[in-house]
Every structure is written in C-alpha cells, then in structure tokens.
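What you see is a predicted model; the values in this text were computed from it and never measured. Every heavy atom of this structure was used, including side-chain atoms; hydrogens, water molecules and symmetry mates were not.
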Amino acid sequence: MTARPFEGIRILDFTQVLAGPFASYQLALLGADVVKVERREGEDMRRTPLSREWAERGMASAWQAVNGNKRSLTLDLQKPEAREILLRLAAEADVVMENFRPGVMDRLGLGYEALSKVNPRLIFCSVSAFGQTGPDRLEAGYDGRIQAMSGIMAMTGHPGGDPLRAGFAVCDQLSGMTAAFGVASALHQRTHTGQGQRVDVSMLESTLAFLGGQVADWTVAGHKQQQWGNQAVSRKATANLFRARDGHLLLAVNTDRQYEALLRAIGRADALEEPRLADWFLRLENAALLRDVIEGALAAADAAEWEERLNAAGAPCARIWRVDEVIEHRQIRSRDALQEVETPWGRLRFATTGFRLAHGAARLDRPAPALGADTEAVLAAAGYDAARIAAFREAGVI
C-alpha cells in the first residue's frame, strides 16, 4: 500500500473544539501520527448536548467527526511533570498545534520559543481569533463572532431582513483548512531549509482570504456587499431559488447557452423572444417577470423531476437536499466520500477529505480515541518505564 503524504510526521495536538481539531484531522487522514493532548477530564466538545447518550460516553458526534485517526494523551498541564513529558515529546515531534489564546502556551512553558530550543526543526502552528500580533490579539474568538465581523452575516439573508449566520461553523472550518495548508507549507519549506518555524493562523484573516472576491468588489470597484437572498454572486437572475410544485429548486443558470436550455426545457422557448429579457442586465431589471415565467412552468412538476430534466438539458440546478439525503447520493457513494470505521458501538461513517489522490489517498484507519486511551503507550514510546508511568498516574499528572 502506497504511503500517504504525511506518514512519518509526528504531531502534538493541543487544539480543541473545531478549527484546530479539523486542521489536525486533515493531516491525520493523510498519514500523520497525531497525539491529541487533553486535560484529564477531556475537552468540552466531547460532551456537546446534541445527544445525551453520546455526551455521557465522552464521544459526542461532532467531536468524533474531527478526531479520527488520532491518539489521546491526558495530562494536567499545570503540573511540572507534564511539562517535562511534553518537552521530551516535542523534541521528537515535527509539528505542535494549538488554539489557545495568545500567550497561554508561553505561560505553560510550552510556547514556540521554548519548544524550538529543544527542537529547531519544529513547526509550531497557532490558531487564534486574530493572530499572534496586533491590538486585538488577546480577544476571544468563536465562529459566530468571526461570521459577524468578517462580513459574512451582513451579506447573508434576504434584502431588508435580519442578518443570518451560515448553517454550519464556516469560519472554524475555513480556519482549520487554512491551518492544515499552513502546516503543509511549512513542512515542505523545511525540506529546503532544514528549519522549523511558526505558523500564525488568524480566523478573521482566514475568512477574509476566502472572501477575496467580495473584498475586491469594494477595494477595486467601490461596491458595498448587501443581502442578496439566494441569488448567486454572479448576480444572474436565473441563478437563484425558484418554487416548483412541491418545494424549491436552486437554479445555477449563468450562461446564455444555459439560459436557452432552461427556457426550452420548461416549455417556454417563446420567452427567448421577449425584448425585456434580451440580455442579463434586462433580465435582472425584470427579474419579477422572469420569475413568473419560470415558476409558472415549474409548478407543473415536483422539484426532483425538474432536477433530473433540467440537468439533462444543460441547465444546472438542484433541489434542496438535506444532509441525510446527500450522503446517500449515488455520486457520494461511488467515490467513498464517507468512510466507515469500526467502533465499540458498531461501524460508523464519517466525512474525510474533499479530494482524491491517485496514490497515498486519505484513509480513516481508526475512530476518535476514548479519553486517555493512548497515554501509557505514548509515554512508554517516549522512554518512560512502567514504574514512572504509574507514579505519574498516582500524582495526577496523567
């Protein structure tokens, strides 16, 4: 079996909640040996309130979703013996990842300056709300706050309505993917320089990077973003949500060829001769007229039927799928986009990466670990004998 890209890379992972764990999860899927360092009672995400059953196990579904392929080491970071253990582990690690507020790792004696002295090749990745420098660097950051600050909520929702946050923790996920890319970049650069370095990830800046088009709309064209409901950023009148007989259909019709295909497929080729709909500017200006044409035709059949017919005709669209539906989609099934793993509670399925490699592809080998499941194995591999490990446990270090 071909080695995965990060096999042989050792990561000490202090991250918790979502942004940081999502980043280290991506690297773990690609072969990195990720040791998740948790406090003795475990991080709070193990007990999110969606399901009491899974929370009581310390294995909440959202926590499992971003901690597969990792090992769990529990330590009381306030004890000096824990610092001794981590310095020994860091000396042999390739990467340390953390998402505490700036300064926390330094106060624990485990910051970049301290760890790079014992391991100059170490990559030290910090994920925080605003980065390690600047006037707001010590401020707390959560996905909702960054959605509100970044401009996402100001442009999400219907014109004249309340601002809306995205339906998932988009800023956490974007920041996590940015962190994974930053670590991968630093590891690649180390192959040239032999030196480690710090990777400083700001959640706000990560989000703005993904909003590059909207930023440029203002910095280049002086255009202030506003709420456009379900209309696409292309601002095409046929790239929007429309009602069918039993529900909604999201049309992604953005070219003249697609526009013609749409009108012919819904039986309204006559509208191609309508002068008020002659070009994209007129179609936007007369969007209400165009909506009447389209929805009048769509009322004749259900959204699922139109989805098949219009896509076949060359007019891209989709009905509104729920998560429980899309994970069973034939395309998702055909590409093994979700992978199964054996757990103490049976075989469970999880999302992995959004790309495929011709060789060395991402693979979910083992489920998210029970709290402290690998503590003794990690310490033994670091050179601690059974007596010393027992003494650590007796003293409440592990």
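A donor-acceptor pair under 3.5 Å is formed between the side chain of N311 and the backbone N or O of C317. In this structure a side-chain-to-backbone donor-acceptor pair under 3.5 Å is missing from K36 to Q16. Between the side chain of R46 and the backbone N or O of G58 there is at least one donor-acceptor pair closer than 3.5 Å. With D292 contributing its side chain and L290 its backbone, the two residues share no donor-acceptor pair below 3.5 Å. Side-chain atoms of E325 come within 3.5 Å of backbone N or O of R322 as a donor-acceptor pair. No side-chain donor-acceptor contact under 3.5 Å links R319 to the backbone of E307. A donor-acceptor contact shorter than 3.5 Å is absent between the side chain of E205 and the backbone of G131.
Q132 and R198 are linked by a side-chain donor-acceptor pair at a separation below 3.5 angstrom, with hydrogens and angles left out of the test. A donor-acceptor contact closer than 3.5 angstrom links the side chains of S234 and N254. For the residue pair S72 / E38, a side-chain donor-acceptor distance below 3.5 Å is found, with atom types taken as modelled. Under the 3.5 Å distance criterion, with hydrogens and angles disregarded, no donor-acceptor pair is assigned to the side chains of T74 and R39. Under 3.5 Å, the side chains of D256 and W280 contain a donor-acceptor pair of N or O atoms.
Grouping the Ile, Leu, Val, Met, Phe, Trp and Tyr side chains by contacts below 4.5 angstrom, directly or via other members, places F14 with V104. Under the 4.5 Å side-chain contact rule for hydrophobic residues, L204 and V201 share a cluster.
In this view, R83 satisfies the salt bridge (charged side-chain N to carboxylate O under 4.0 Å, His left out) rule with no residue, not counting sequence neighbours. Applying the salt bridge (charged side-chain N to carboxylate O under 4.0 Å, His left out) rule to E273 yields no partners; only residues at least two apart in sequence or on another chain are considered.
Salt bridge R40/D76: absent, no basic N to carboxylate O contact under 4.0 Å. A salt bridge does not link R243 to E295: none of the charged side-chain nitrogens sits closer than 4.0 Å to a carboxylate oxygen. Under the 4.0 Å criterion applied to side-chain N and carboxylate O atoms, E260 and R257 are not assigned as salt-bridge partners. The existence of a salt bridge linking E139 and R145 is confirmed by a sub-4.0 Å separation between a basic side-chain nitrogen and an acidic carboxylate oxygen. Salt-bridge formation is detected for the pair R393/E376: a Lys NZ or Arg NE/NH1/NH2 atom is positioned less than 4.0 Å from an Asp or Glu carboxylate oxygen. Using a 4.0 Å cut-off between charged nitrogen and carboxylate oxygen, D143 and R165 count as a salt-bridge pair. A salt bridge links E84 with R388: the closest approach of a Lys/Arg side-chain nitrogen to an acidic carboxylate oxygen falls below 4.0 angstrom. In summary, E113 and K117 do not engage in a salt bridge, as defined by a charged side-chain N under 4.0 Å from a carboxylate O. With respect to K70 and D33, no salt bridge is recorded, no charged nitrogen being found less than 4.0 Å from a carboxylate O. With salt bridges taken as basic N to acidic carboxylate O contacts below 4.0 Å, one links R276 and E274.
Between H192 and H188, the ring planes are perpendicular. Angles over 60° get that label, and only those under 30° would be called parallel. Aromatic ring pairs are classed by plane angle as parallel below 30°, tilted from 30° to 60° and perpendicular above 60°; the pair W345 and W54 is perpendicular.
For the pair L27/I9, no side-chain contact is recorded, criterion being any heavy-atom separation below 4.5 Å from C-beta on. In this structure, D13 and V35 have side chains that are not in contact, with every pair of non-hydrogen atoms separated by 4.5 Å or more.
Ring pair W321/H329: centre-to-centre distance below 6.0 Å.
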